[in-house]
Amino acid sequence: MSKEMKHQYKQDLIHIRRLINEWDPMGLIQMGAPEDEYDTYSAKVLSILHSSKSRIKLKESLQTYLSDLLDNPSSIPVGEFTDKLLSWFCNR
């Protein structure tokens, strides 16, 4: 991977961290969790965006992630967040 690509990846990861922390699907950031609380998932989201940019794949991944962590993941607006991520990524 070139230096330019590494730099872009790091910048993308920082932006996705910010978006996911704003979304804060489990309320952890709001309760005082560290900024890197969702970083493992942020990297997975970025990987999906770089590999396919598929709304369906990204939305399914977000839903699976939430299903693994929450009793009632359907209460989280995944579709709206998916659209926000894709819009940012395609227009960056």
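Note that the coordinates shown come from a computational prediction; the quantities given were computed from them, not determined experimentally. Throughout, numbering of the chain's residues begins at 1 and tracks the sequence.
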Undergrad: Residues in salt bridge (charged side-chain N to carboxylate O under 4.0 Å, His left out) with K57, at least two apart?
TA: none

Undergrad: Which heavy-atom pair separates I20 from P25 by the least distance, and what is that distance?
TA: O-CD, 4.0 Å

Undergrad: For R18, enumerate each residue passing the side-chain hydrogen bond (donor to acceptor under 3.5 Å, both in side chains) test, keeping only those at least two apart in sequence or located in another chain.
TA: H15, E22

Undergrad: With sequence neighbours left out, what residues match M31 under side chain to side chain contact (heavy atoms under 4.5 Å, CB included)?
TA: L28

Undergrad: How close do S61 and K44 get, counting heavy atoms only, and between which atoms?
TA: OG-CE, 3.7 Å

Undergrad: Mind listing the closest non-hydrogen atom pair of E37 and A33 along with its distance?
TA: OE1-CB, 3.8 Å

Undergrad: Under the side-chain hydrogen bond (donor to acceptor under 3.5 Å, both in side chains) test, which residues partner T82, sequence neighbours left out?
TA: none

Undergrad: For residues G27 and Y38, report the shortest heavy-atom separation together with the two atoms involved.
TA: N-OH, 3.8 Å

Undergrad: Look at R17 together with D36 and state whether they make a salt bridge at an N to O cut-off of under 4.0 Å.
TA: no

Undergrad: Residues in side chain to side chain contact (heavy atoms under 4.5 Å, CB included) with N91, at least two apart?
TA: S87

Undergrad: Looking at residues at least two apart in the chain, or sitting in another chain, which of them share a side chain to side chain contact (heavy atoms under 4.5 Å, CB included) with Q30?
TA: D24

Undergrad: Go through the structure and list residues passing side-chain hydrogen bond (donor to acceptor under 3.5 Å, both in side chains) with E4, not counting sequence neighbours.
TA: none

Undergrad: Name all residues meeting the side-chain hydrogen bond (donor to acceptor under 3.5 Å, both in side chains) criterion together with N21; count only those two or more places apart in sequence or in a different chain, and write none if there are none.
TA: none

Undergrad: Could you pull out all residues at least two apart from Q8 that satisfy side chain to side chain contact (heavy atoms under 4.5 Å, CB included)?
TA: D12, R92

Undergrad: Quick test of your reading: applying ring pair (Phe, Tyr, Trp, His ring centres under 6.0 Å), list the pairs with at least one residue in residues 41-62, sequence neighbours left out, ordered by first then second residue.
TA: Y41-Y65, H50-F89

